[in-house]
Structure formats: C-alpha cells, structure tokens
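The structure appears right after this line, and notes come after that.
Order of the sequence lines sets the chain letters (A, B, ...), proteins ahead of strands, with each chain counted from 1.
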2 protein chains.
Amino acid sequence: MSSTHLPAGLARRTASLSSSAIRDLLALTARDDVISLAGGLPATDLIPVDRIAAAAEAVLQSPDAVQYCETAGHRTLRSVISARESAVRGGVPVSTDTVVVTHGSQQALTLLAQALIDPGAVVVVDEPAYTGALQVFSIAEARIEAIEIDADGMNTAELERRLTAGLRPAVVHTVANFHNPRGVTMSEPRRRHLAALADHYGFWVIEDDPYGEIWFAATGSTHGTGAPPPPIACFGDRVIRLSSASKILAPTLRVGWFVAPPAVCAAVELLKQGADLCGSSMTQLMAANMLGDTAWLDAHLAILRGEYACRAKALTDALDAEFSARLTVSRPTGGMFAWATFEDGTDTDELLAAALEHGVAFVPGSAFASAEQYGRSLRLSFAGSTPAELAEAVRRLSAAHASIRTH
Amino acid sequence: MSSTHLPAGLARRTASLSSSAIRDLLALTARDDVISLAGGLPATDLIPVDRIAAAAEAVLQSPDAVQYCETAGHRTLRSVISARESAVRGGVPVSTDTVVVTHGSQQALTLLAQALIDPGAVVVVDEPAYTGALQVFSIAEARIEAIEIDADGMNTAELERRLTAGLRPAVVHTVANFHNPRGVTMSEPRRRHLAALADHYGFWVIEDDPYGEIWFAATGSTHGTGAPPPPIACFGDRVIRLSSASKILAPTLRVGWFVAPPAVCAAVELLKQGADLCGSSMTQLMAANMLGDTAWLDAHLAILRGEYACRAKALTDALDAEFSARLTVSRPTGGMFAWATFEDGTDTDELLAAALEHGVAFVPGSAFASAEQYGRSLRLSFAGSTPAELAEAVRRLSAAHASIRTH
C-alpha cells in the first residue's frame with residue numbers, strides 16, 4: 001500500500017508538520033556520543049525516582065487506583081491541584097470543578113484547540129513560539145498570527161494595535177513564565193493588559209505554564225523570591241491556565257491540567273471522553289500523593305531550583321567565556337532554557353550540522369518561528385546536563401563554530 | 001460566561017453527544033445501593049494488583065521509566081506486542097514497526113479517525129455498535145451506515161449488497177470477537193469475506209478486539225479451546241487491528257495498541273505527537289513486564305476465563321429461571337456481556353428507571369443504536385459481580401419488571 005490511500009484531509013492537516021518538529025528534535029538527543037542541549041526534557045538525575053516508587057506502592061493499596069477513572073480526572077488530584085492553584089493566585093478560591101486533568105499539558109492544548117478553534121479561526125502566538133503549540137494550532141487549521149516577544153514577554157501594545165486594526169482572534173496562546181524558547185517572563189503590567197484585552201475583545205487567553213515553579217532565587221527581585229508575577233488568570237475571566245507535573249515531578253506520569261470556566265471544562269471533558277475515555281487513575285493518584293505532600297514537595301522544588309540555577313549559570317558563563325561579543329546570551333531567571341543569538345552572521349541551521357559532527361546538539365531558532373527568521377539564534381537547554389558536561393558541550397560548540405567560520 | 005462563547009463548530013461536532021453516552025452510563029454505576037451490570041469495566045477483584053505493584057517496582061529501577069518515551073510507544077512494549085500478535089496470527093511474523101501504542105484503544109480509534117476520515121466520509125459500523133466508536137466517528141463528522149449483526153457477526157453479504165449499490169466507505173469498524181454489546185463472534189467465512197471486500201473496494205477495516213483473549217473453554221468448539229477464529233487481519237492487507245491491556249490487565253495502565261501498515265502507523269504517530277507527545281513509559285514498561293511474562297500471563301488468563309465463564313453462566317441461568325420465555329438471552333462464549341431481548345413488549349428505557357429504583361442497573365439497547373431501535377433489548381455485564389450478586393441483581397430486575405408490567 002502507499003500513503004495515497006490516506007485521505008486528502010490528512011495531508012492538508014499535517015502539511016506543516018512534515019518536519020515532525022518535536023520528534024525530530026527528540027531524535028537528536030538519542031546518540032550516545034552527543035551531549036544534547038536540544039531536548040525539552042527535565043533532568044533525569046533530578047527526577048525523584050524513590051519518591052515516585054513510594055507513591056506507586058502507596059496508591060496501589062487501593063483498588064481505586066487500577067480501574068477507569070472520571071474523564072475530568074481523579075477527584076483527589078483535582079482537589080490537590082485546586083488548592084495549589086489557589087495558593088499561586090494569592091489565596092483566591094479555585095473550585096475543584098474548574099480543574100480538568102489531561103494526558104500532559106500537550107493534550108490540554110489539543111482538546112482546547114478542538115473546543116475553541118474552528119478551521120480558519122485566528123490564533124495569536126508568541127514569536128518565537130513553543131513548537132508543540134504551533135503543531136496543535138496547525139492541525140486545528142487555525143490561521144496563525146505571531147507577535148514578537150521581548151524581555152517583558154508578548155508585546156501587548158502590538159497586540160492591541162492589531163486588534164484595533166480589526167484582528168479578531170479566537171485564542172491568544174502565550175508561555176508567560178520562563179518562556180520556551182526565549183526564557184523571558186511577562187511583566188505584571190502586560191499580564192493585566194492582556195487580560196483586559198481578552199475581556200474587551202472576547203478572545204480566550206491560554207496561559208501555558210509548565211515552568212512557573214522553576215524560578216531561581218534572585219537578589220533584587222521585585223517579588224523577593226524570584227517567583228514570577230501573579231498568573232494572568234488573576235486579572236480576568238477569559239483565561240485558561242495550563243500546567244503540568246512533567247517538569248517538576250516526572251514526564252512519565254503524563255499528568256497535566258488546566259483551570260478554566262465551567263463551560264470550557266464541560267466542552268473539553270466531552271471531547272476527552274471520545275479521545276481516550278480517561279487518564280490513568282494510578283499515575284493521577286501518584287501525582288496527588290506527591291503534589292499534596294507539601295513538606296516533601298517544597299524541599300524537592302528547592303533542590304530543583306538550586307540545581308537548575310547552577311546549571312544555567314554554568315552554561316551562560318561558559319558561552320560568554322567561549323564566544324564573548326560574538327554571541328548574545330540570555331540570563332535565565334527560571335525554567336530550562338537559554339536563548340542565544342550570533343552577532344557574527346552565523347547561520348544556526350548550518351551550525352547544527354557541524355555541531356552534531358562535533359558531538360553537541362541544540363535547537364536552531366528557525367524551529368520556533370512561524371515564518372522564516374531567528375536564523376542566527378539557538379535554544380540551549382541547561383536542564384539535563386551537569387556543569388562539567390555543559391562546559392564540554394560549549395567547547396564542542398565553539399569547535400563546530402570555528403569549523404564553519406573558517407571554511 | 002455562557003457556552004455561547006464556544007464556537008459553532010464545537011456544537012456541531014458534539015451535537016450527537018449531548019447524552020454524554022459513556023459518561024452517563026458510568027455515572028449509573030456509582031450509587032452504593034445499586035448493583036450495576038451497566039458498566040464496561042473489568043472485574044476489579046480479578047485485577048492482579050500485586051503483580052501490578054511488582055511490575056511498578058521492577059520498572060522504576062530504570063531511569064528510562066520516568067522520562068518521556070517515543071511517540072509510537074516504548075520499543076520494549078512494542079516488541080512484546082508484536083510477538084503476541086504474531087502468535088495470535090498463527091506464527092506469521094509481525095514487525096515491531098507496525099505496532100503503535102496508544103492511550104487505551106479509545107485513543108487509537110480517535111487518531112485513526114483523524115487520519116482516515118474526512119468530514120462527510122462514510123463509516124460502516126455494527127448495528128448495534130460500541131458507543132465509544134459511534135462517539136469518535138460522530139466527532140469526526142463521518143456519515144454513519146449501520147449493518148445489523150447476527151449470530152455470526154456483521155452481515156457481510158448485506159455489506160456487499162450495499163457496496164455493489166454504490167456505497168463507498170472509508171472505514172468499516174467491527175468488534176469481531178465477543179461483540180460489545182451483542183456478545184457474538186464473527187465467523188471465519190465472514191472474516192475472509194470482509195477482508196476480500198476491503199481489498200476490492202479499497203476501504204480500511206478497523207478490527208477492534210478488546211475481548212479476544214477472554215474466551216470461555218467450550219466443549220464442541222470448532223477451535224478446541226473456545227478461542228475465536230483467526231483475526232480478520234490474517235485474511236487481507238487493509239486491516240488495522242486494535243487491542244488493549246485494559247480488560248486483561250488493568251484499565252489504569254491506559255495501554256492500548258494497533259497493528260497496521262507502515263503508512264497508517266506514520267500518520268497516526270504524527271497526530272499523536274500533536275495530541276499528547278507520547279504515552280507513559282512507566283505504565284508501558286509495566287505492561288511489557290506483565291505481557292512478556294508468559295508463564296504468569298497464561299495462568300492469569302486461565303483464572304480470568306474461568307471466573308468470567310462462571311459469572312456468565314450464573315447471570316444467564318438466573319435470567320432464564322426468573323423470566324423464562326418472556327426474555328431471550330444470549331449465551332456468551334467469551335467477553336464481558338450478555339444481550340437480552342424482551343418478548344413481552346417491555347420497553348427497556350422505561351425498565352431502567354424502575355430498575356434503578358429497585359437497585360440494579362443495565363444499559364438499555366437504545367444506547368447502542370445509530371437510529372431508534374433495540375427498545376426491547378438490554379446489555380448486561382456479568383464481569384464485575386460475583387454469582388451471588390448476579391442472582392440478587394436478577395431478582396431486583398424481576399421486581400422492577402413486575403412493577404412496570406402491572407401498572
């Protein structure tokens with residue numbers, strides 16, 4: 001058989017996915033001789049395997065853990081999430097009924113796209129954008145409008161200008177905390193502005209927040225701790241907030257969630273019922289067991305923040321030492337990524353090929369653009385490597401850079 | 001906010017789901033005072049919780065079990081599945097590359113529908129049909145054609161008649177083994193016929209097989225053991241075979257899979273990458289640990305088959321004793337369901353309301369029809385109750401029946 005037996009619609013819906021964005025990126029990480037700064041994986045050595053095993057053992061005492069569970073998620077987990085979500089919103093109550101648990105936050109994005117986006121509808125995204133979001137909106141056949149982000153996140157003044165000029169998006173998607181790939185965090189005034197625009201123009205904001213808990217302690221921070229500003233959801237009613245256990249506990253749980261008004265929850269629940277009936281009661285109860293153990297979780301998050309901050313500094317210090325003014329490097333204040341831009345005209349697609357030969361991988365900026373751009377930028381993940389590995393990775397990158405600049 | 005802020009497309013796509021089929025059925029099972037024969041859940045008391053806990057402990061020794069895994073599924077599990085699939089096909093080799101692991105077989109159905117069905121395309125289903133499949137094809141905006149099944153499964157002569165008359169389906173979906181809800185198994189001649197029709201007319205067969213392993217030992221069986229005939233996939237190339245660990249191990253693993261030609265696997269993998277990135281490496285490795293332990297699995301399946309056979313007999317014997325000629329009851333030879341039809345004009349939608357008052361639940365036949373019919377039929381699951389509970393359930397059903405017949 002040939003793929004010509006697949007319907008025309010599939011080809012149309014997946015046309016822009018021919019590069020298989022995330023899958024190809026993950027494939028780069030597989031070679032043993034490559035130090036990969038390409039992946040979006042959390043640090044394997046910091047995943048609390050023993051605590052996860054203890055959680056598995058604890059929840060499997062109950063037959064509740066082995067059967068089907070409610071489509072919207074196990075109530076025990078939804079209750080733990082609503083309490084945590086209330087805390088991050090400064091104590092504003094969050095009803096358990098407004099929480100839906102999904103198979104990672106990627107499934108939340110997919111189901112929300114099915115619920116909120118008709119083919120041809122406009123979706124506004126960050127420029128550069130999370131590739132997984134671009135993929136979902138492309139499958140949903142949305143018309144994508146990109147708005148560049150700067151050091152304060154999505155430029156909401158530019159968004160307002162386009163709204164005034166007639167743009168009518170169904171959804172605005174943004175990663176407001178420790179942006180993937182840019183690393184920046186949206187300022188509080190812009191959060192207020194975006195929520196007000198959503199109320200005024202009647203669009204939904206998808207506030208995609210997988211990294212918000214991974215902030216680095218910062219002297220001079222306006223928030224004291226280094227924690228990001230309050231969620232956009234604090235400032236308006238048309239905000240759907242996504243998060244996940246993947247980056248703070250483990251991807252293997254496949255536990256993500258969103259918090260949204262009841263009509264959105266009901267629509268997504270209906271779609272999820274058709275999509276996969278329900279999630280795993282076992283991994284959901286394991287997530288509840290760990291997220292609800294606040295003493296343990298606080299200690300675990302403190303370790304994660306400290307280690308990630310240390311790795312971020314090791315990477316950016318090494319890049320500065322190796323490249324100095326030829327490369328502008330972001331200063332991560334949280335999350336998993338540094339963003340860097342060559343000032344010497346280096347093409348990062350070309351650099352990647354050389355880098356793989358030298359045993360190091362990263363994601364070129366072009367992967368995050370909805371159009372052709374960021375050709376001189378790259379995303380580097382500091383999460384999965386030790387400071388020594390990061391230093392070696394930068395040495396290899398420098399050798400790769402030298403090899404293409406001297407051709 | 002009101003649901004009017006959701007787009008028109010969502011209402012269109014979900015219009016036929018307003019009864020929230022499966023969710024509402026599951027809701028019936030929740031009341032403590034109700035013996036539910038309504039659910040499609042496997043027996044909780046037969047789920048091997050200790051073996052599951054041992055599998056969790058074993059796989060969590062490896063860091064591989066806590067990270068993201070490949071979108072098509074962990075290779076260890078795909079390899080175990082391909083070996084089992086080869087065995088059920090009489091030793092014909094099945095390549096690991098033709099196996100895709102999904103979040104339960106419901107997700108396989110959803111992603112296959114996205115890959116194979118454009119809006120308005122024709123999908124042929126069993127009449128009566130698995131409600132979860134009806135839901136998926138409805139979300140895909142397929143035009144549904146139903147073909148009645150009899151004691152030998154889907155009537156392929158009727159299908160051929162409609163094909164000759166011009167029907168051009170994209171997909172034919174059938175549950176060929178121990179049908180849900182009818183309980184019947186498709187005969188081998190019809191399997192051959194269906195596969196030949198698929199080759200001739202160029203449609204895909206989705207052979208949905210969650211229950212094929214749960215056969216009851218039968219004296220006089222043409223296959224010696226009571227096992228069903230060879231899979232439809234043995235007889236043609238345009239067959240996509242779905243199965244799941246939910247009914248033989250535990251629903252909580254959320255491990256389903258399908259076996260299909262490479263172009264179909266590639267298309268679904270692309271869609272799954274957008275849908276949820278990947279499954280849980282932990283629960284996939286746990287499934288591999290158990291499905292690959294053939295000595296243990298064979299013993300476990302022997303227990304399951306013996307217990308389910310015993311429960312099926314307890315239910316049907318009690319129904320015969322209580323209702324005699326007023327109710328025609330199927331003789332299950334495997335699976336989880338008995339199908340029964342009242343000969344005295346009893347309306348089973350009406351009976352359900354009375355039954356719940358009397359503390360027993362079932363699914364009325366109308367839930368499985370694409371149009372109005374089966375109003376005198378009902379599906380009863382014998383899986384989740386002991387023989388004593390089943391006897392009590394039938395007494396309650398009889399009392400409910402008497403209460404509405406004597407009004």
Side-chain angles (χ1 to χ4, degrees), chain A residues 1-3 5-10 14 17 20 22-23 26 41 44 47 49 52-53 56-57 60 63 65-68 71 103-104 106-107 110 115-118 121 132 135-136 139 170 202 237-238 250-254 261 263-264 266-267 270-271 273-277 279-283, chain B residues 1-3 5-10 14 17 20 22-23 26 41 44 47 49 52-53 56-57 60 63 65-68 71 103-104 106-107 110 115-118 121 132 135-136 139 170 202 237-238 250-254 261 263-264 266-267 270-271 273-277 279-283:
Chain A
M1 61 151 282
S2 83
S3 63
H5 290 112
L6 299 172
L10 178 71
T14 58
L17 307 178
S20 309
I22 292 174
R23 187 179 42 184
L26 287 175
L41 286 64
T44 304
I47 292 177
V49 177
I52 290 171
E57 193 180 347
L60 284 171
V66 293
Q67 271 291 7
Y68 291 100
T71 300
H103 185 81
Q106 185 75 17
Q107 189 190 40
T110 297
L116 303 176
I117 302 169
D118 278 337
Q135 193 166 10
V136 165
I139 289 177
D237 293 330
R238 298 190 62 86
T252 201
L253 299 172
R254 307 311 295 126
V264 174
L270 208 57
L271 292 167
Q273 195 182 325
D276 63 11
L277 296 183
S280 165
S281 42
M282 179 176 71
T283 67
Chain B
M1 60 152 283
S2 84
S3 62
H5 290 112
L6 299 171
L10 178 71
T14 59
L17 308 178
S20 310
I22 292 174
R23 186 179 43 182
L26 286 175
L41 285 64
T44 303
I47 292 177
V49 177
I52 290 170
E57 194 181 345
L60 284 172
V66 294
Q67 271 290 7
Y68 290 101
T71 300
H103 186 79
Q106 185 74 18
Q107 189 191 38
T110 297
L116 303 176
I117 302 168
D118 278 337
Q135 193 167 9
V136 165
I139 289 176
D237 294 330
R238 297 189 63 85
T252 199
L253 299 172
R254 306 314 294 126
V264 175
L270 208 55
L271 291 167
Q273 195 183 325
D276 63 12
L277 296 183
S280 165
S281 43
M282 180 176 71
T283 67

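- When atom types are taken as modelled, the side chain of A:Glu57 and the backbone of B:Ala53 share no donor-acceptor pair closer than 3.5 angstrom.
- Using a 4.5 Å cut-off between heavy atoms, A:Ile47 touches chain B through its side chain atoms alone.
- Residues B:His103 and A:Arg254 form no side-chain contact, since every pair of their non-hydrogen atoms from C-beta on lies 4.5 Å or further apart.
- Between A:Leu60 and B:Val49, the shortest heavy-atom contact is O-CG1, 3.3 Å.
- Between chain B and the options A:Pro63, A:Ala56, A:Ala65, the largest number of non-hydrogen pairs under 4.5 Å is found for A:Ala65.
- Contacts of A:Gln67 with chain B are made by both backbone and side-chain atoms, with heavy-atom separations under 4.5 Å.
- Note that CD of B:Gln135 is 8.0 Å distant from CG of A:Leu277, once rounded to the nearest 0.5 Å.
- With sequence neighbours excluded, the residues satisfying side-chain hydrogen bond (donor to acceptor under 3.5 Å, both in side chains) with B:Thr252 are A:Ser280, A:Ser281.
- For chain A, the option among B:Val66, B:Thr110, B:Leu253 with the highest count of heavy-atom pairs below 4.5 Å is B:Val66.
- Annotation: side-chain contact (heavy atoms from CB on, under 4.5 Å) contacts of A:Ala170 (sequence neighbours excluded): A:Ala121.
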